[in-house]
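Report on one structure; see the data block that follows.
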Amino acid sequence: MLDLLILGLHFFICFLISIAIWWGPKDVDSRGTSTGRGAETKPDGLICIGKEEDIKKAQRITAKIDGREIVVFYHEGKFHALDSRCYHEGGPLCRGEIEDIDGQACIVCPWHKFKITLETGEGLYEGINPLEPSPTPKWQSKGVKQRIHKVTIDNGNVYVSPPDLSVSFDSDYYADIYKKGGELAMGK
């Protein structure tokens, strides 16, 4: 009898979580926003993803541009946009915390704590130089791993440039997987 009660409680909690997800915040899509109004695309290809003041209040927003999931952060007076899935294993950067690392604003992936600069998309790690007499850990770059997107503000709207796919980044792999099937395609 206790097993049935626990099982029933489990299904009820899952049901409540499903309702919360269904009614929770919606992503912005380049073909339309969660409010139902059409997204504005400027002649130069820039795609409007929201109102400047709304994003400032929220501090971050996810959007889809041609099916590609991106996240826009407003941090310390600047807007930053990058692929929303971490280059390492596709973790949701939109759920990460922003930390100052060695003078750079970085998003920390919630899955494996990989650190990515908001400004350049560089992956950072703390390492030592064993050739130093007294090696101390220092922040170092792995190179640009995460695709960043140019953000433009015009008339109170935030626009993002579509990605230049002629140059590839490590994050493209997970951007494509999530574009094709999301978490079901990832098996997570």
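Excluded from the calculations below are hydrogen atoms, water molecules and symmetry mates; all remaining heavy atoms, backbone and side chain alike, are included. One is the number of the first residue; the rest follow in order along the sequence.
- In this structure, Glu89 and Tyr174 have side chains that are in contact, with non-hydrogen atoms separated by less than 4.5 Å.
- The 12-atom threshold is exceeded at CG of Asn129, counting heavy atoms of other residues, nucleotides or ligands nearer than 6.0 Å.
- Nearest approach of Pro135 to Glu132, heavy atoms of both residues: CD-O, 3.4 Å.
- Residues forming a side chain to side chain donor-acceptor pair (under 3.5 Å) with Gln104 (at least two apart in sequence, or on another chain): none.
- Using a 4.5 Å cut-off between side-chain heavy atoms of Ile, Leu, Val, Met, Phe, Trp and Tyr, Trp139 falls into a hydrophobic cluster with Ile101, Leu124.
- Side-chain contact check for Tyr125 and Gln140: at least one donor-acceptor pair (N or O, by modelled atom type) lies under 3.5 Å.
- Put simply, the side chain of Arg85 does not reach to within 4.5 Å of the side chain of Ser171, judged on heavy atoms.
- The hydrophobic cluster containing Ile107, built from Ile/Leu/Val/Met/Phe/Trp/Tyr side-chain heavy atoms closer than 4.5 Å, also comprises Val71, Phe73, Leu82, Tyr87, Leu93, Ile98, Phe114, Ile116, Leu118, Ile148.
- The stretch residues 96-119 participates, sequence neighbours left out, in these salt bridge (Lys or Arg N to Asp or Glu O under 4.0 Å) pairs: Lys78-Glu119.
- The one candidate from Val72, Asp83, Ile49, Asp164 that meets the side-chain contact (heavy atoms from CB on, under 4.5 Å) condition with His149 is Asp83.
- Applying the ring pair (Phe, Tyr, Trp, His ring centres under 6.0 Å) test to His80 and every residue at least two apart in sequence or in another chain returns nothing.
- In this structure, Arg147 fails the cation-pi test against Phe169, since its NZ or CZ atom is not both closer than 6.0 Å to the six-membered ring centre and inside 45 degrees of the ring normal.
- Ile65 places a side-chain heavy atom less than 4.5 Å from the side chain of Ile70.
- Cys109 and Gly91 make their closest contact through SG-CA, 3.8 Å (heavy atoms, listed as atom of the first residue, atom of the second, distance).
- Between Lys145 and Gly123 the shortest heavy-atom distance is CG-N, 4.2 Å.
- Residue Lys138 qualifies as open at atom NZ: its count of foreign heavy atoms under 6.0 Å is 12 or below.
- Partners of Ile153 according to the side chain to side chain contact (heavy atoms under 4.5 Å, CB included) rule, which considers only residues two or more places apart in sequence or in another chain, are Glu52, Phe79, Val151, Val158.
- Shown here for Ser84 and Glu69, the closest heavy-atom pair between the two residues is OG-OE2, 2.5 Å.
- Across His75 and Ala105, no two heavy atoms sit closer than the pair CD2-CB, 3.6 Å.
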